[in-house]
Amino acid sequence: MGSWLDYTINGLIIGNIYALVAVGLALIFGVSNLINFAQGSVYAVGAYIGWTCFTYLHTPLAVTALIVVVACAGLGVAIERIGLRPLAGAARIAPLLATIGISLVLDQLLQIVFTPDPRALTSPLPNWRISVGGGTIGALDLLIAATGIVSAAVLYGFLRFTKLGWAVRATAQDRDAARQMGVNTDAVNMTVFAIASALGGLSGLLVGMYFNHIDPAMGFQATLKGVVAQVIGGMGNVPGAIFGSLLLGLTESYGVAIFGSSYRNLFSFALLLLILVLRPNGLFASARSTPPEPMTGSFVTPNRPVRVPRWAIVAAVVIAAAVPLIPAIPYVLQVLTNAWLFAMLAISLTLVAGTLGQISLGHASLLLIGAYASALFALDSHWPVWASIPAAGIVTALLGTALIAPSFRLRSHYVSIATLGIGEIVGLVILNWESLTRGPMGVTNIPPLQVGNIELDNPRAAYWITLGILVLLAMMQTRLLRSHLGRIFRAIRDDDVAARAHGISLGRYKAIAFAFGGFAAGISGGIAAHQYSYINNETFTSTVSISALTMVILGGMGNVLGAILGAVALTALPEMFRGTAEYRMLIYGVALLLLVRFRPQGILGTT
Amino acid sequence: MTDLLECRAVTRRFGGVIAVKPIDLTLREGEFLSIIGPNGAGKTTLFNLISGHDVPDDGTIVLEGVAIAGRAPERIAAMGLARTFQHGRVFANMSVRDNILVGAHHRLRAVKPRLPGLGALAELAMALIRPPAVAAEEAALNHEVLEIAALFGDRLTPRLDQPAHSLSYANRRRVEIARALALRPRLLLLDEPTAGMNETETAEMQSIIGGLKARGQTILLIEHKLDLVMRLSDRVIAMDDGAKIAEGPPHTVRQSPAVIEAYLGHRAMGEAAL
Amino acid sequence: MTALLVLKGIDTFYGPVQVHFGLGMEVRQGQIVCLLGGNASGKSTTMKIILGLLRPRAGSIFFEAHDLAALSTPQIIRAGIGSVPEARRLFSAMTVRENLLMGAFARSDRAEIARDLERMLELFPRVRQRLTSRAGTLSGGEQQMVAMARALMGRPKLICMDEPTMGLSPLFVDRVLELIQAVNKEGVTIFMVEQNASLALAIAHYAYVLQAGRIILQGEAKDLARDPRIRAAYLGGETEPAA
């Protein structure tokens with residue numbers, strides 16, 4: 001039983017670290033109804049500031065921690081002031097998208113400054129462990145536990161006994177009423193971001209020391225875990241976030257004990273979906289109350305979409321089709337082929353996020369499903385490629401819809417959280433279902449594109465095939481949008497309550513939209529698999545999901561042409577200017593921030 | 001005349017507050033019933049219970065012999081109940097035409113083949129293929145949209161292709177009513193259709209609603225403009241604090257001391273006023 | 001008597017809907033002034049523009065020498081206006097004591113705040129018994145008293161009350177009205193928005209009647225109470241007396 005105690009201790013320690021992130025998220029959500037997706041990035045920044053202090057300044061731990069806390073608090077204030085306050089009065093999903101943009105920018109800056117390579121963040125604490133029962137506890141474990149308890153106590157004291165703390169609580173309960181008591185709610189927002197960021201940064205430092213490992217991409221998982229913990233405890237509920245974090249830490253730890261370490265994250269996201277479906281208000285809410293509606297209304301700004309004349313579209317297709325005839329370097333064809341593949345993903349996402357109004361943050365998982373389906377049909381069932389790719393489209397449509405279906409009754413940003421979780425789960429299932437997917441080895445020797453016996457693995461043929469399929473899918477989607485289904489999808493997006501009042505069943509039509517979108521994305525993933533000839537569970541990650549969302553917003557939500565344009569602009573352009581490739585995510589982040597702030601309807605306008 | 005709608009002891013509590021105290025209400029086919037009462041009286045909550053947007057804690061609601069309390073709003077709508085919303089809920093980014101067409105959703109037949117288990121897939125296929133029967137159905141509905149829009153004079157007809165967000169407030173309310181009419185409702189619930197309208201617009205709306213009544217449309221109306229209520233209603237129910245405080249012919253209800261007290265206060269006004 | 005609060009030529013819009021049409025009114029120092037009107041007449045919106053929660057498109061609002069149109073809500077509160085919002089809007093997860101002290105948020109004179117808290121508990125003895133309860137657990141009448149005490153804790157020159165009797169049982173209605181009068185006698189000017197005309201007129205000095213965004217009637221409260229046009233404003237155009 002000794003090891004069980006170890007797993008329990010480990011679970012509680014990890015839970016403590018999650019709590020530092022989750023409490024910040026809960027404070028911010030409580031005061032401004034916002035999921036701060038930049039929280040994990042601040043946590044990563046905290047870890048790197050700590051590393052810099054240890055490595056170059058040789059500061060002792062206490063001083064390092066102080067520097068991290070102060071610097072991250074400052075960063076939090078800057079995020080609130082520069083990134084979010086100007087968005088007051090914008091669509092309520094706008095600040096959420098802005099925090100995603102900020103997170104992309106921060107992550108990429110870390111990568112540029114510190115290189116993408118992981119670093120060791122060695123704990124300066126003495127390396128002793130004491131035995132307790134059958135398990136052991138080390139100095140760092142005690143420090144983390146103490147930090148968690150002290151932070152919780154200080155936060156409790158702040159909220160309970162200081163004037164500013166009262167203002168925070170009052171604002172969280174009733175913003176307007178707080179203003180009518182003379183509370184400056186802007187200052188409250190800033191305070192809350194400072195506290196959340198300070199705790200997040202501290203958490204990053206401790207985590208880095210705990211695993212003796214930091215890397216610039218560590219923030220994303222932290223945000224996810226914090227969000228999961230918060231959903232468990234109820235959004236905006238500070239004690240709930242602490243409880244949720246500890247529960248999450250223990251669940252993961254026991255899951256690892258039973259099934260092995262690659263299952264750690266699978267357990268957290270399964271727990272997330274379970275809670276979202278069964279108790280969307282968290283474990284402490286009463287069953288009857290409906291979820292709060294922090295972000296009703298989609299990110300579709302009233303506007304008049306740009307009308308692109310038919311001849312211009314035909315001309316563009318002809319020009320695109322003629323590109324391979326120009327003696328261009330194969331590299332250009334490769335880049336453009338890749339852009340067409342992304343465009344298929346983007347039109348799929350623009351249908352779901354733009355036309356139907358369900359902001360999906362896990363769309364890349366559909367590419368994964370499509371890629372694996374087509375690769376495995378071709379390799380294991382020996383299907384010809386021309387059959388395996390459409391079959392992959394159908395599998396993706398069915399599987400993708402089945403996975404999201406339990407979340408159909410969720411609204412606004414709960415949908416985003418659910419899709420984010422599903423996206424992670426798909427990758428993790430692929431990683432762990434070795435008998436089917438070959439697990440972490442990935443799938444190798446995937447046959448190239450071919451029709452009959454004609455191999456199409458030259459760049460020109462691949463280009464034309466991909467472009468042709470994209471045009472076909474785009475035409476189908478345009479036809480769909482002009483049918484009664486386009487009308488119904490938009491009605492659900494604009495006002496699902498009114499839609500239901502006119503006999504529209506949300507589940508049925510969400511399923512149709514996700515199935516159609518899943519088909520296009522599955523085809524895209526299928527083609528990609530045969531082009532890449534090797535895929536694994538990390539071929540399409542959440543970064544791809546966020547990139548696709550940026551493309552869709554750039555082009556104009558719901559706009560098919562816009563999605564294609566956005567995909568070309570954001571895939572091809574950075575490649576054309578060679579030097580910018582490593583700044584790609586930075587460009588995406590900045591583009592997202594600027595769009596949300598200055599042109600929410602995108603280039604061609606929302607439809 | 002038979003009872004189209006029958007509510008028995010319908011109750012709704014929010015936490016400790018009883019928003020609707022056990023209330024009875026019946027509405028006969030072809031009847032025009034209005035519900036009046038001060039703000040917070042529970043009128044809109046009662047509407048939400050009838051249309052399925054909220055679930056009563058107690059009591060029964062029967063529409064055409066079928067118990068509907070707790071049913072999903074889309075199923076109740078498919079039974080022929082249409083409603084408008086207090087603050088107006090048009091689909092802002094859709095054209096006026098599409099808004100009205102959404103109202104006709106449950107009447108679509110050709111595009112929704114009855115295939116057990118595969119209905120959604122077949123509907124998707126029909127939408128993409130658009131066979132003649134589907135095209136004809138769309139054309140017929142589009143024609144009907146013109147007829148419905150014509151009920152509102154030249155308010156909506158010239159604006160059919162404009163997005164709803166570009167309309168004036170009064171026009172948005174008209175779109176909402178047009179959308180509800182496209183459902184060809186057996187029972188029409190109107191929640192403050194003239195809110196935010198000036199006197200001319202109110203008079204115009206009154207004549208439109210009057211026209212519906214003359215066609216035999218069964219209507220349940222919530223309205224604050226009592227003059228309009230007096231002119232149109234066959235019967236009036238007054239609510240205050242979640243309970244029914246008076247019911248009967250319009251003028252009887254208006255003169256009822258309970259109603260005057262509900263509106264003007266619990267102490268009697270000066271004698272001259274009464 | 002000088003005017004403490006002056007509104008002139010106010011036009012307010014909610015999106016495309018115009019709520020106020022050239023609204024003008026005055027609240028004189030030391031008085032209880034009420035604004036009456038039926039549903040959707042624009043009463044509550046008047047409260048919102050005074051408190052800076054909504055900005056009028058035209059017109060001016062002055063409180064003493066402060067141009068309220070240029071101030072944010074917290075600044076308006078600090079200028080000496082207290083608010084008793086519609087439906088009370090207490091901080092329901094905070095205790096009654098915390099709610100009262102939130103009322104003094106803009107002040108920093110600790111000793112005086114403690115003294116005022118004690119004074120409130122004398123004025124509202126019922127509140128004292130519930131001091132450590134969460135505000136959300138109080139009855140409507142008790143909440144109304146806490147909301148009034150909370151506003152007084154800011155030592156305002158003017159208290160704005162939005163429908164203070166709404167949803168209260170008749171017993172509490174009388175009690176709340178007595179308290180409003182008591183507070184006024186201590187020198188606090190009161191501006192209240194009420195649907196319940198007869199109640200409001202019974203304690204007010206001066207009243208305005210709002211219909212569809214326009215002041216249609218104003219005068220000394222005791223005169224208005226006998227005016228048949230009040231009833232017309234609420235119940236529609238026909239003003240024939242009842243049999």
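Just so you know, these numbers come straight off a predicted model, no measurement behind them. Naming: A, B, ... by sequence-line order, numbering from 1 per chain.
Interface remark: of the candidates B:Arg83, B:His106, B:Met79, B:Arg130, B:Arg130 forms the most heavy-atom pairs closer than 4.5 Å to chain A. Each of A:Ile488, A:Ile504, A:Leu485 has some count of heavy-atom pairs under 4.5 Å with chain B, and the biggest count is that of A:Ile504. Comparing B:Ala127, B:Ser166, B:Ala92 by how many heavy-atom pairs each has under 4.5 Å with chain A, the most go to B:Ala127. Options B:Ala120, B:Ala78, B:Ser51 differ in how many heavy-atom pairs under 4.5 Å they form with chain A, and the most are formed by B:Ala120. The choice from B:Pro185, B:Pro163, B:Ala104, B:Ser95 that makes the most heavy-atom pairs within less than 4.5 Å of chain A is B:Pro163. With respect to chain B, the highest number of heavy-atom pairs below 4.5 Å among A:Ser483, A:Ala499, A:Gly503 belongs to A:Gly503.
Remark: A:His502 NE2 to B:Leu81 CG distance equals 10.0 Å, nearest 0.5 Å. Here the straight-line distance linking atom CE of B:Met94 with atom CG of A:Asp494 works out to 6.5 Å at 0.5 Å rounding. Annotation: the span from A:Phe516 atom CZ to B:Leu121 atom CG amounts to 12.0 Å, rounded to 0.5 Å.
Heavy atoms of A:Ala511 lying under 4.5 Å from chain B are absent altogether. Of the atoms belonging to A:Leu480, heavy atoms from both backbone and side chain fall under 4.5 Å from chain B. Only the side chain of B:Leu183 comes within contact range of chain A, judged by heavy atoms closer than 4.5 Å. If you measure heavy-atom distances from B:Leu189 to chain A, you find no contacts under 4.5 Å at all. Using a 4.5 Å cut-off between heavy atoms, B:Glu123 contacts chain A through both its backbone and its side chain. Contacts of B:Arg75 with chain A are absent, with no heavy-atom separation under 4.5 Å from either backbone or side chain. When heavy atoms are compared at a cutoff of 4.5 Å, A:Arg304 approaches chain B solely by way of its side chain, counted from C-beta outward. Proximity to chain A involves both the backbone and the side chain of B:Ala72, based on heavy atoms less than 4.5 angstrom apart.
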If you apply the rule side-chain contact (heavy atoms from CB on, under 4.5 Å), what do you find for B:Phe91 with A:Arg493, and how did you get there?
CA-CA 8 Å; B:Phe91 305 118; A:Arg493 168 194 71 193; over 6 Å; no
Between B:Glu137 and A:His484, does the side-chain hydrogen bond (donor to acceptor under 3.5 Å, both in side chains) criterion hold? Intermediate values first, please.
CA-CA 11 Å; B:Glu137 186 177 58; A:His484 76 294; over 6 Å; no
Could you go step by step and tell me if A:Arg490 and B:Asn93 meet the side-chain contact (heavy atoms from CB on, under 4.5 Å) rule?
CA-CA 8 Å; A:Arg490 292 193 184 102; B:Asn93 295 289; over 6 Å; no
Given B:Glu138 and A:Arg487, is the salt bridge (charged side-chain N to carboxylate O under 4.0 Å, His left out) satisfied, shown in steps?
CA-CA 12 Å; B:Glu138 275 289 294; A:Arg487 196 160 73 214; 3.1 Å; yes
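B:Phe85 has its side chain within reach of A:Val497: a pair of non-hydrogen atoms, C-beta onward, lies under 4.5 Å apart.
Between B:Glu74 and A:Arg508 no salt bridge is recorded (no basic side-chain N to carboxylate O distance below 4.0 Å).
Put simply, the side chain of B:Arg89 never gets that close to the backbone of A:Asp496: no donor and acceptor are under 3.5 Å apart.
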